[in-house]
Amino acid sequence: MMFIFRFFFYFVLSFLILAFPVKDKQVFHYIYKHAAPLTKSAYQFGEQSFDSLFIQVSGILKKSYQNSSPEDIYQEEALSFSASAASELEESSDSYTPEEKEALKRILQDHNL
């Protein structure tokens, strides 16, 4: 609570000091006239830094997105599924009739599995 009171007190005090008129202008205007070039250069530096950082991060994100295309993942899953399906078909050959085996093989071949 004391922090809030002190902050408010110093804010009002600095506002009053900067609002004093000196030669028909407030003190703030004199400070601003001398600080404006410095603040402009600081702002431009920050903007350039942010732009270059944004370009670097977007490039990294594009590379990581291109390296993880869903088609590749789907093909890998399909290949692993087809290997397991073929081995399962061979393992359970006693429970299928020859016609069923041929039908299953055609289905796997039709879907490139």
Side-chain angles (χ1 to χ4, degrees):
M1 183 67 179
M2 188 67 174
F3 170 76
I4 295 172
F5 177 71
R6 286 175 42 189
F7 175 78
F8 182 72
F9 173 74
Y10 286 124
F11 178 77
V12 170
L13 181 66
S14 64
F15 182 79
L16 290 175
I17 290 172
L18 291 174
F20 277 119
V22 176
K23 295 183 183 177
D24 298 331
K25 288 185 180 178
Q26 287 100 1
V27 174
F28 175 78
H29 290 291
Y30 290 108
I31 294 172
Y32 176 75
K33 184 170 73 173
H34 295 290
L38 179 63
T39 56
K40 283 183 183 179
S41 64
Y43 177 77
Q44 289 174 349
F45 174 76
E47 188 177 28
Q48 289 172 352
S49 298
F50 178 76
D51 288 344
S52 65
L53 180 66
F54 180 76
I55 290 170
Q56 290 174 353
V57 169
S58 64
I60 291 170
L61 290 176
K62 283 180 184 177
K63 283 182 183 177
S64 66
Y65 179 73
Q66 289 172 350
N67 289 337
S68 64
S69 65
E71 293 84 19
D72 294 340
I73 295 170
Y74 177 73
Q75 288 176 353
E76 289 174 10
E77 288 176 358
L79 289 175
S80 66
F81 176 74
S82 65
S84 64
S87 64
E88 188 176 318
L89 179 63
E90 294 300 322
E91 289 174 4
S92 61
S93 62
D94 296 335
S95 62
Y96 295 112
T97 64
E99 294 84 19
E100 290 173 332
K101 286 181 188 178
E102 287 300 318
L104 288 172
K105 284 182 182 179
R106 272 186 271 130
I107 290 171
L108 291 174
Q109 288 175 352
D110 290 343
H111 294 294
N112 294 326
L113 297 175

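The structure displayed is predicted, hence computed values, not measured ones.
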How long is the straight-line distance from CZ of Arg106 back to CG of Asp110, given to the nearest 0.5 Å?
8.0 Å
Is Gln48 reaching over with its side chain to a backbone N or O of Phe45, donor-acceptor style, under 3.5 angstrom?
no
Give the table of side-chain donor-acceptor pairs shorter than 3.5 Å for residues 11-23, with sequence neighbours excluded, one pair per line with atom names and distance.
unit_1 : atom_1 : unit_2 : atom_2 : d
Ser14  : OG     : Tyr10  : O      : 3.1
Ser14  : OG     : Phe11  : O      : 2.9

Under the side chain to side chain donor-acceptor pair (under 3.5 Å) rule, what pairs show up with a residue in residues 31-47, not counting sequence neighbours?
none
Applying side-chain hydrogen bond (donor to acceptor under 3.5 Å, both in side chains), can you list everything that pairs with Gln26, at least two apart in sequence or on another chain?
His29
Reported CD-to-CD distance for the pair Glu102 and Glu99, which is rounded to 0.5 angstrom:
9.0 Å
Students should find that the hydrophobic cluster of Phe3, defined by side-chain heavy atoms under 4.5 Å apart, otherwise consists of Ile4
Fellow cluster residues of Leu61, listed by chain then number, with links counted only when side-chain atoms sit under 4.5 Å apart:
Leu53, Val57
